[in-house]
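Below: one structure, written as structure tokens.
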Number of protein chains: 2
Amino acid sequence: MSVRHAVLGLLAQRPRHGYDLRAAFQAMVGGEENWDVKPAQIYTTLARLEKSGLVKEDSVEQDAGPEKRIYALTRAGQNTLTEWFNSGTEPDHQRDEFFIKLMIGLVSGVADPYQLIHTQRGHLYQELHKLTTQRGLSDPKKELANILMLDKVVMHLEADLRWLDIVEARLDEIQRQPLPEPESKPRGRPRKN
Amino acid sequence: MSVRHAVLGLLAQRPRHGYDLRAAFQAMVGGEENWDVKPAQIYTTLARLEKSGLVKEDSVEQDAGPEKRIYALTRAGQNTLTEWFNSGTEPDHQRDEFFIKLMIGLVSGVADPYQLIHTQRGHLYQELHKLTTQRGLSDPKKELANILMLDKVVMHLEADLRWLDIVEARLDEIQRQPLPEPESKPRGRPRKN
DNA sequence: ACAGCCATGTAACTTGTTACATGATTTT
DNA sequence: AAAATCATGTAACAAGTTACATGGCTGT
């Protein structure tokens, strides 16, 4: 849902061609490690936007190199964009794969929840470490978008880590006063970290 | 990607039919307000899993009411499930719509970033308030999954709020020492909150 | 009698990914 | 001469949503 509007926004800045849009988008989210938009998506999105009348082909440049199909916003496109800005934004309600994995682990008896948590914690710490060293090095020269994205990812990694601690605490609580759960016999808890 | 594996996991617990799977899934994520899985997705997923040989129709019950097509895991399904548990889980790298909205706002000059932040903060506080009162009321009687999901959502809402503060601080910094940005002339910052 | 739950599905559509395919220019 | 970058797209697929369609049983 975001890419569609991002394309409109970038075209509001100035008319652009597909390749340019992709580069601008990637710069905006701080590189492909954060959000790798495939060329295919840009071009198909452009085609769809054109079909919907939100965008139109402005001109075709060709100055040494392949031709560039420049697209521009239509009035309808501008309206759609301002509507987007004026509407609220849902905080993307965490359809988190790990949550599902943990719950399925608890319920199906196929995997040990404590093991899952342990693994995931390691994973998150590793990621966090990678990012914070990255951030420490090149902070001043990086662009705003890049920095903000890093901030965001770090905040959420920390939130996930805090959540894992809470989950563990809650599981411990339950093991002290076991509740009537059918299939899943509680396993012994391995040593912490 | 999650629903597919969730279905496998729930079938590992015991054979089930589509309607039952849906109910179990919804219970697991703590109700439709968190993750509303449509019936259509359950049934199409089951059909795909069957075509892939991970699941097979076990029997058809009919005891007063419509017939229930009971599905069970195949050996291949069990393998897929354990592979899933043994593989790492990416923390769902925040393809957050608000981030894009803010960046496009900054870059396109169409919307005021401070206004966007202000609106979003209000939105998040409201949500947070709704959840914490909800949590305060019925904590002991609720099921584990429900509680964990609430914990998770709250952690991430708080992370988002902290992030908004950081963003504002960074924008203020830039306004004190303006950088060479072409299109977007900085707007006056409206009063906080 | 009607509403609501139980239970199943199909069709059309949207967003996004993967893989393939082409070809020119610039850099090494 | 080869590799990287610029630039465009198509085809097939996967996941998910919306809307539609059907029908029986249960409670008011």
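So that the names make sense, note that chain A is the first sequence line, chain B the second, and so on, each numbered from 1. None of the values given here were measured: they were computed from a predicted structure.
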Please work out whether the ring planes of B/His156 and A/His156 are parallel, tilted or perpendicular, with thresholds of 30° and 60°.
parallel
In whole Å, what is the span from the CG atom of A/Leu49 to the C1' atom of D/dG9?
16 Å
Given atom OH of B/Tyr19 and atom P of C/dT8, what is their separation to the nearest angstrom?
9 Å
Distance check: side-chain N/O of A/Tyr43 vs OP1/OP2 of D/dG9, anything under 4.0 Å?
no
I need the CZ-C1' distance between B/Arg48 and C/dG9, as an integer number of Å.
13 Å
Within this structure, what is the CZ-to-P distance between B/Arg16 and C/dC6, rounded to whole angstrom?
15 Å
Taking only the side-chain heavy atoms of A/Tyr71 (C-beta and beyond), determine which of C/dT10, C/dA7, D/dG9 contains the nearest atom.
D/dG9
Can you see which heavy atom on A/Trp35 is nearest to which on B/Asp96, and at what distance?
CZ3-N, 4.2 Å
Do any side-chain nitrogens or oxygens of A/Lys38 fall under 4.0 Å of OP1 or OP2 in C/dT17?
no
For the pair made of NE2 in A/His17 and P in C/dA24, what is the distance, rounded to whole Å?
18 Å
Measuring from the side chain of B/Arg69 (C-beta onward, heavy atoms only), which nucleotide among C/dA7, C/dG9, D/dA7 has the closest atom?
C/dG9
What class does the angle between the rings of A/His5 and A/Trp84 fall in, given that below 30° is parallel, 30 to 60° is tilted and above 60° is perpendicular?
parallel
Determine: side-chain N/O of B/Arg4 to OP1/OP2 of D/dG16, distance under 4.0 Å, yes or no.
no
Phosphate oxygens OP1/OP2 of D/dT17: is one of them under 4.0 Å from a side-chain N or O of B/Gln41?
yes
Taking CG from B/Asp36 and C1' from D/dA19, how many angstroms apart are they, rounded to a whole number?
15 Å
Regarding the side chain of A/Val3, the nearest nucleotide among C/dT8, D/dT8, C/dG16 is C/dG16
Taking any heavy-atom pair under 4.0 Å as a contact, classify A/Ala47: base, sugar-phosphate, or nothing.
nothing
Minimal heavy-atom distance between A/His17 and A/Arg69, with the atoms involved, is CB-O, 3.2 Å
Could you state the CD1-P distance from B/Ile42 to C/dA7, rounded to the nearest angstrom?
14 Å
Under a 3.5 Å distance rule, please check whether B/Asp58 uses its side chain to pair with a backbone N or O of B/Ile70 as donor and acceptor.
no
Nearest-angstrom distance from the residue atom CZ of A/Arg22 to P of D/dG9:
15 Å
Return the nearest nucleotide to the side chain of A/Lys68; candidates are D/dA7, C/dT18, D/dT18.
D/dA7
